[in-house]
Protein chains: 2
Amino acid sequence: MTESILEAAVVANHELFLRTNDRLTATLAEQGLTQATAHALWVIDPAEAPPTMKELADRLHCNAPNLSFVMNQLTSRGLVERSADPADRRSRLVALTDDGRRVRSVVIEAALALSPFARLDTDDLLHLVSLLGKALELAAAPA
Amino acid sequence: MTESILEAAVVANHELFLRTNDRLTATLAEQGLTQATAHALWVIDPAEAPPTMKELADRLHCNAPNLSFVMNQLTSRGLVERSADPADRRSRLVALTDDGRRVRSVVIEAALALSPFARLDTDDLLHLVSLLGKALELAAAPA
DNA sequence: CGTTTTTACTTCGAGACTTGAAGTTGTTAC
DNA sequence: GTAACAACTTCAAGTCTCGAAGTAAAAACG
């Protein structure tokens with residue numbers, strides 16, 4: 001009973017994610033990005049201090065070698081730049097270039113416009129964000 | 001303004017999906033499954049009539065060659081069986097084996113237990129499913 | 001009917017992603 | 001000062017995904 005409600009929620013969340021990604025395919029291709037590179041670009045907020053590779057790997061739920069691979073692509077496309085962290089020279093700080101900021105904006109705008117969520121009204125959206133946020137908080141809390 | 005609420009919703013949706021998958025990794029490995037094969041198993045509901053390959057490709061948002069690849073793995077693991085559709089001999093009907101049903105249950109149970117949504121109470125869950133369902137409906141509706 | 005077009009599926013080959021193992025460089029702990 | 005650890009990269013192997021091409025069956029057409 002509650003079980004099937006939970007399953008409906010998990011399935012709907014999954015489906016919404018897949019559908020958004022599907023619709024974004026064309027935009028990503030236009031920008032010369034793949035899902036992996038686009039996601040990496042997304043999680044680098046130009047308004048915040050440049051994150052380290054380790055921090056980015058956490059955000060992307062991927063491992064270090066994978067991130068190096070993705071960052072090499074973004075670097076060769078001229079969208080990000082790596083520099084040594086003055087505070088810990090083992091670390092690399094990753095910052096968006098001007099081009100990177102531009103492309104990131106394009107991707108995010110497209111994703112928001114294409115997401116099925118875009119059709120919800122503000123009340124529903126606020127409620128939805130509240131519920132999703134609650135789930136994420138509870139997930140972080142101790143068992 | 002509304003923009004940032006929408007972005008929060010899209011990001012939270014994505015993050016919840018990634019986090020659930022992350023936690024499921026161990027279970028999938030135990031069952032000898034990958035994400036792709038597990039997802040394929042999930043969308044074959046044993047309570048319904050066996051779907052065709054085409055129908056499955058739609059559900060998985062993947063193309064035909066990819067589905068063939070995934071189904072070959074599930075078939076060689078003895079989890080599904082393909083048979084010609086008597087109504088249209090071009091089509092293949094895909095059905096779970098007894099083992100397939102067992103493994104599918106294990107995966108779904110684990111996913112539901114590990115999903116951050118599992119910590120929401122029934123009221124919140126009902127509300128959430130309603131909002132997610134609304135978004136999916138609106139997405140299907142005409143522009 | 002018989003031919004043409006379309007549809008469902010598979011195979012193949014190339015490209016892209018992901019991962020573990022191993023190595024480099026720099027930091028921390030003793 | 002040396003041993004342990006941490007951040008990152010490179011490399012090689014495995015997996016996933018896709019387009020192109022091929023097969024078989026159904027549908028459309030005259």
Side-chain angles (χ1 to χ4, degrees), chain A residues 17-18 21-22 24-26 28-44 49-77 79-95, chain B residues 14 17-18 21-22 24-26 28-44 49-77 80-95:
Chain A
F17 168 72
L18 290 181
N21 264 6
D22 249 22
L24 203 52
T25 306
L28 296 189
E30 281 168 21
Q31 300 296 325
L33 297 174
T34 63
Q35 257 199 235
T37 49
H39 189 196
L41 212 52
W42 190 309
V43 299
I44 304 176
T52 63
M53 294 287 279
K54 177 167 183 46
E55 167 63 22
L56 285 177
D58 285 346
R59 291 184 195 172
L60 296 170
H61 299 263
C62 75
N63 55 19
N66 191 0
L67 183 60
S68 283
F69 174 80
V70 171
M71 278 307 149
N72 283 341
Q73 296 176 227
L74 287 176
T75 302
S76 66
R77 284 252 0 239
L79 302 180
V80 306
E81 282 173 350
R82 274 176 286 201
S83 59
D85 181 351
D88 183 345
R89 304 198 35 215
R90 289 170 301 181
S91 293
R92 309 274 168 184
L93 299 180
V94 182
Chain B
H14 193 160
F17 168 72
L18 289 181
N21 265 5
D22 248 22
L24 203 53
T25 305
L28 296 189
E30 282 168 19
Q31 300 296 325
L33 296 175
T34 64
Q35 257 199 234
T37 49
H39 189 196
L41 212 52
W42 189 310
V43 298
I44 303 176
T52 63
M53 294 286 282
K54 178 166 182 46
E55 167 63 22
L56 285 177
D58 285 345
R59 292 186 195 170
L60 295 170
H61 297 262
C62 76
N63 56 17
N66 191 0
L67 182 59
S68 283
F69 174 81
V70 171
M71 279 305 149
N72 284 340
Q73 295 176 227
L74 287 176
T75 302
S76 65
R77 286 251 2 239
V80 306
E81 282 173 350
R82 273 177 286 201
S83 59
D85 181 350
D88 182 342
R89 304 196 37 214
R90 288 170 302 183
S91 293
R92 308 274 169 183
L93 298 180
V94 182

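Just so it is clear: chains get the letters A, B, ... in the order the sequence lines come, proteins before strands, and each one is counted from 1.
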> Which atoms form the tightest heavy-atom contact between V70(B) and A36(B), and what is the distance?
Replying inline: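 For V70(B) versus A36(B), the nearest heavy atoms are CG1-O, 4.0 Å.
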
Give the rounded distance in Å between these two atoms: [atom1] of [X] and [atom2] of [N].
{"X": "N63(B)", "N": "dC12(C)", "atom1": "CG", "atom2": "P", "value": "17 Å"}
{"X": "H61(A)", "N": "dT19(C)", "atom1": "NE2", "atom2": "P", "value": "12 Å"}
{"X": "D85(B)", "N": "dT7(C)", "atom1": "CG", "atom2": "P", "value": "17 Å"}
{"X": "D58(B)", "N": "dT7(C)", "atom1": "CG", "atom2": "P", "value": "13 Å"}
{"X": "L33(B)", "N": "dC16(D)", "atom1": "CG", "atom2": "P", "value": "10 Å"}
{"X": "L60(B)", "N": "dT17(D)", "atom1": "CG", "atom2": "C1'", "value": "13 Å"}

> Between T37(A) and A87(A), which has a closest nucleotide on DNA chain C that is more 5'?
Replying inline: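 Comparing both residues, the 5'-ward one is T37(A).
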
> dT15(D) phosphate, OP1 or OP2: any side-chain N/O from Q73(B) under 4.0 angstrom?
Replying inline: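 False: Q73(B) side-chain N/O out of range (4.0 Å or more) of dT15(D) OP1/OP2.
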
> Is the phosphate of dT15(D), meaning OP1 or OP2, less than 4.0 Å from a side-chain N or O of Q35(B)?
Replying inline: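 So the side-chain polar atoms of Q35(B) never come under 4.0 Å of the phosphate oxygens OP1 or OP2 of dT15(D).
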
>> Side chains of L79(A) and L33(A), heavy atoms from C-beta outward: is any pair under 4.5 Å?
In response: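 Yes. Closest side-chain heavy atoms under 4.5 Å.
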
>> Just so I know, are the side chains of K54(B) and S91(B) near enough to count as touching, which here means a heavy-atom distance under 4.5 Å?
In response: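 K54(B) does not reach S91(B) side chain to side chain.
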
Output a table of donor-acceptor pairs, distance under 3.5 Å, between side-chain atoms of residues 59-67 of chain B and any protein atom two or more places apart or on a different chain; print 'none' if there are none.
unit_1: R59(B); atom_1: NE; unit_2: E55(B); atom_2: OE2; d: 2.7
unit_1: R59(B); atom_1: NH1; unit_2: V43(B); atom_2: O; d: 2.6
unit_1: R59(B); atom_1: NH2; unit_2: E55(B); atom_2: OE2; d: 3.3
unit_1: H61(B); atom_1: ND1; unit_2: D22(A); atom_2: OD2; d: 2.9
unit_1: H61(B); atom_1: NE2; unit_2: E15(A); atom_2: OE1; d: 3.4
unit_1: H61(B); atom_1: NE2; unit_2: E15(A); atom_2: OE2; d: 3.0
unit_1: N63(B); atom_1: OD1; unit_2: N66(B); atom_2: N; d: 3.2

> Does any N or O in the side chain of T75(B) come within less than 3.5 Å of the main-chain N or O of M71(B), such that one atom is a donor and the other an acceptor?
Replying inline: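 Indeed, once roles are kept as given, a pair shorter than 3.5 Å links the two residues.
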
>> At under 4.0 Å between heavy atoms, how does the protein contact nucleotides 7-13 of chain D? Give one character per nucleotide, 5' to 3', with B, S or -.
In response: SSBB---

> In terms of ring plane angle, is the pair H14(B) and H39(A) parallel, tilted or perpendicular, where the classes change at 30° and 60°?
Replying inline: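 Rings of H14(B) and H39(A): parallel, under 30°.
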
